[in-house]
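Single-structure report; data block below.
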There are 2 protein chains.
Amino acid sequence: MHQNNHNLDEAAVHSLFCAHSLRFTRQRFAVYTALASEKVHPTADQLFQKLSRSESGISLATVYNTLEALVKSGLAQKLADGGTSARYDAAVDDHLHIRDCATGSLSDVPEALGQKLLDNLPQDVLKEIEDTLGFRISRMQIELIGEYTREAVEVN
Amino acid sequence: MHQNNHNLDEAAVHSLFCAHSLRFTRQRFAVYTALASEKVHPTADQLFQKLSRSESGISLATVYNTLEALVKSGLAQKLADGGTSARYDAAVDDHLHIRDCATGSLSDVPEALGQKLLDNLPQDVLKEIEDTLGFRISRMQIELIGEYTREAVEVN
DNA sequence: TGGTGTTTTAGAACTATTATAATTATAGAC
DNA sequence: GTCTATAATTATAATAGTTCTAAAACACCA
């Protein structure tokens with residue numbers, strides 16, 4: 001198995017799942033590592049394709065079930081695709097996404113840069129919004145929409 | 001405040017459409033005014049329901065066609081719903097959206113407040129992101145996700 | 001190892017959206 | 001106003017993405 005997952009050995013994922021009250025199964029392991037190893041946020045079907053190609057049969061329904069379980073337990077998040085289908089992301093914090101208009105792909109702004117932007121948001125204005133609207137902001141999603149001027153990092 | 005469409009009489013919309021090279025039709029007028037009068041960003045089907053109730057028969061396909069035409073001509077934008085279906089918005093600038101977790105509804109942060117936040121984004125960090133990634137940001141979408149602490153402004 | 005509750009699975013069902021092809025309406029020329 | 005070319009509307013069929021169902025396989029714990 002040639003995968004670019006860094007340190008996601010079975011034991012690590014097992015205890016991660018355990019910590020989130022998720023049963024460990026071969027399929028969930030496969031889905032989670034596949035998701036976590038993606039630089040671009042994949043759709044359920046893209047994950048299914050990828051998994052079908054590489055290993056053990058795994059059904060599309062299971063991909064959906066697993067993604068739902070991951071989201072519910074806080075190990076992944078579901079992102080709205082501008083288009084038809086949903087995209088998934090193994091990370092769970094606020095962070096910034098880049099949507100490349102040319103390809104429709106959705107990927108992350110590198111952590112450090114994204115954090116820098118988030119850290120420099122005007123907190124007072126956010127507070128004002130919360131107070132004025134009577135709304136409690138629990139999470140934030142920022143999407144930068146545009147095009148690569150140099151080259152696309154990766155095809156979707 | 002029943003409807004917040006300010007000055008959307010037929011003549012105004014006619015010239016607006018004209019300016020955007022869109023033929024004026026009874027149906028497009030209906031869809032556009034219905035969309036523009038919504039405080040919450042509706043799905044295609046919600047618009048269809050609303051229009052079916054009030055007036056002249058208009059088909060669901062036309063609602064989709066018209067929304068697509070409006071988006072293409074820059075008179076509306078399509079927003080990704082967290083869930084299954086897309087939502088539409090008659091405004092077209094960058095602006096902030098509020099997603100109410102409790103109801104799933106999507107609405108605007110009042111213009112003034114939203115603008116204040118956008119004006120206070122750290123431009124230097126945005127520039128750094130563009131330069132580092134070789135990406136040209138043409139639009140931005142910010143979604144504040146959370147719950148109303150006082151009361152929901154309106155049911156979706 | 002055996003029992004119990006959970007997960008997986010193939011396929012059916014469902015929902016949102018887009019395509020098709022015939023009909024009808026619009027805008028502009030006369 | 002009428003005519004004509006072109007574009008929009010419509011009902012319906014088709015497709016795509018996702019969820020549901022019920023049966024079989026599995027994980028966990030004793």
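Each chain gets a letter, A, B and so on, in the order its sequence line appears, and its residues count up from 1.
- The ring of F17(A) has its center no closer than 6.0 angstrom to the ring center of F29(A).
- Minimum interatomic distance between L60(B) and F48(B) (heavy atoms only, all atoms of both residues): N-CE1, 3.4 Å.
- In 5' to 3' order, the nucleotides of DNA chain C bounding all contacts with chain B (an atom under 4.0 Å from a heavy atom) are dA16(C) to dA27(C).
- Scanning for salt bridge (charged side-chain N to carboxylate O under 4.0 Å, His left out) contacts around K127(B) gives D131(B), with sequence neighbours left out.
- Under the 3.5 Å distance criterion, with hydrogens and angles disregarded, a donor-acceptor pair is assigned to the side chains of H41(B) and D108(B).
- Every residue was checked against the salt bridge (charged side-chain N to carboxylate O under 4.0 Å, His left out) condition with E10(B), not counting sequence neighbours, and none meets it.
- Looking only at side-chain heavy atoms (C-beta outward), Y148(B) and I98(B) come within less than 4.5 Å of each other.
- End-to-end axis angle of the helix from dT1(C)-dA30(D) to dC30(C)-dG1(D), from C1' rotation axes over five pairs per end: 40° (rounded to 10 degrees).
- Considering all non-hydrogen atoms of both residues, L106(B) and V40(B) come closest at O-CG1, 3.2 Å.
- Contact record, K78(B) with A86(B): CE-CB, 3.6 Å, taken as the closest heavy-atom pair.
- Look at R99(A) and E143(A) and you find a salt bridge, because one of the NZ, NE, NH1 or NH2 atoms lies within 4.0 Å of a carboxylate O, short of that distance.
- Checked for salt-bridge contact, K116(B) and E128(A) meet the test: a charged N lies under 4.0 Å from a carboxylate O.
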N/O contacts under 3.5 Å, protein versus nucleotides 17-21 of chain D?
from, atom 1, to, atom 2, distance (Å)
dT18(D), OP1, A86(A), N, 2.7
dT18(D), OP2, Y64(A), OH, 2.5
dT18(D), O5', Y64(A), OH, 3.2

Quick tally for nucleotides 22-30 of chain D: nucleotides whose base has a protein heavy atom under 4.0 Å get B, sugar-phosphate-only ones S, the rest -, giving -----BS--
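- Remark: E38(A) engages K50(A) in a salt bridge, criterion side-chain N to carboxylate O under 4.0 Å.
- Hydrophobic clustering (side-chain heavy atoms under 4.5 Å, transitive across Ile, Leu, Val, Met, Phe, Trp, Tyr) groups L126(A) together with L96(B).
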